[in-house]
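One-based numbering, in listed order, for ligands and for the atoms of each.
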Amino acid sequence: MEKKIFDITQLGLAAIDQAQTLDQLTEVRNQYLAKKSELMSIFGLLKDLSVEEKKSIGLRINEARDQLTRALDTKKEWLEKQALQAKFAEEQLDITLPGRALELKTAHPFFLIQEEISDIFVAMGYQIAEGPEVESDHYNFELLNIPKDHPARDMQDSLYMDDVTLLRTHTSPVQARVMEAAKGQPVQVICPGKVYRRDEDDATHSHQFGQIEGLVIGEGVNLGHLKDTLLVFAKKLFGEKREIRLRPSFFPFTEPSVEIDVSCFVCSGKGCSMCKQTGWIEILGGGMVHPRVLTMNGYNDKTMTGFAFGIGIERVAMLRYGIDDIRKFYQNNLRFLKQFQGR
Ligand code: DAH
């Protein structure tokens, strides 16, 4: 009987060793330790034995059961640990966020051109001046030789805060502010900024747009200086082969006044849809600072002369980039804006 108990124990230990899963292990446990198992049924045979034998065989059975139980428990613990590790491995979460792709950002085309134009003039020695967008009638009109009843005011209606305060209609008032501050001394400035008008918005008009004003005052400044300055500007912006032409025009604050055209950069002057078959594209207005503007702003018009000009920022950007509608500058459409990436 002892031999039998020994054999069962060996078989049991081998089965425990081979069990691969917790289920298999439970089966082994049932097979070897359940009430009706081979080992436990030996208890039933004890009644036919002597007291001495009962004692020693009973002891053997208990030992065998304990040995198997310990082996089962150890294996169970190990299998459970394995199962947990497998589960961890399977359910592992990646809690790190993927990195964000770095997109190459760009300035708005309005500012790209504003900066490009500013750079051209700064390279020629100009300083940059700024003025308020909420401006007084005094600077916006009066000091620019546009008195109260002047018809030129009709073309520049704007939003008025009160009778004498308005959203500036052009950057020209910065001219007056700069002259006032210079106290009769020479100046050479550009003034970029936003301006406002009571305009119906369409493909070429907007109630808000940008301008760059230019002003140079000194002894002996003449129209030739204006022409050459703007020729340099046109070549830098539209290409070395560009020519410019001056046409007579009218502005209350300049005399003479000119409209400046650049030779068409698409057809080089032959005539195309860009230049409306004329070979020329109008880019800005300018002229010699009116003597009355000089004296009103503290200059001696006998010794000092000056030239001035005004550039529409969007207009130049539209020509430069081939943009067909000014409203695209303000709609924040990413498909439009992204086209300027990397410029
Ligand atoms: N202020 C003018 C406008 O808004 C543009 C302009 C024309 C500015 C001639 C100037 C200039 O300085 O000399 O229409």
For each nitrogen or oxygen atom of ligand 1, which protein N/O atoms lie closer than 3.5 Å, and how far apart are they, rounded to 0.1 Å?
| residue | atom | partner | partner atom | Å |
| --- | --- | --- | --- | --- |
| ligand 1 | 1 (N) | H170 | ND1 | 3.0 |
| ligand 1 | 1 (N) | S172 | OG | 2.9 |
| ligand 1 | 4 (O) | R197 | NH2 | 2.7 |
| ligand 1 | 4 (O) | Q211 | NE2 | 2.9 |
| ligand 1 | 12 (O) | Q175 | NE2 | 2.9 |
| ligand 1 | 12 (O) | E213 | OE2 | 2.5 |
| ligand 1 | 12 (O) | F309 | N | 3.4 |
| ligand 1 | 12 (O) | F309 | O | 3.3 |
| ligand 1 | 13 (O) | A308 | O | 3.3 |

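Listed for the R247 side chain is no donor-acceptor partner under 3.5 Å among the backbone atoms of E282. Formation of a donor-acceptor pair under 3.5 Å by the R197 side chain with backbone atoms of Q156 is not found in this model.
As a member of the Ile/Leu/Val/Met/Phe/Trp/Tyr network built from side-chain separations under 4.5 Å, L167 groups with V134, L159, M161, Y196.
Listed by first and then second residue, the ring pair (Phe, Tyr, Trp, His ring centres under 6.0 Å) pairs that reach into residues 323-343 are Y321-F340, F336-F340, sequence neighbours excluded.
Taking the ring centre of Y139 as origin, the terminal cationic atom of R168 falls outside the region bounded by 6.0 Å and 45° from the ring axis.
For K328, the salt bridge (Lys or Arg N to Asp or Glu O under 4.0 Å) partners at least two apart in sequence or on another chain are D324.
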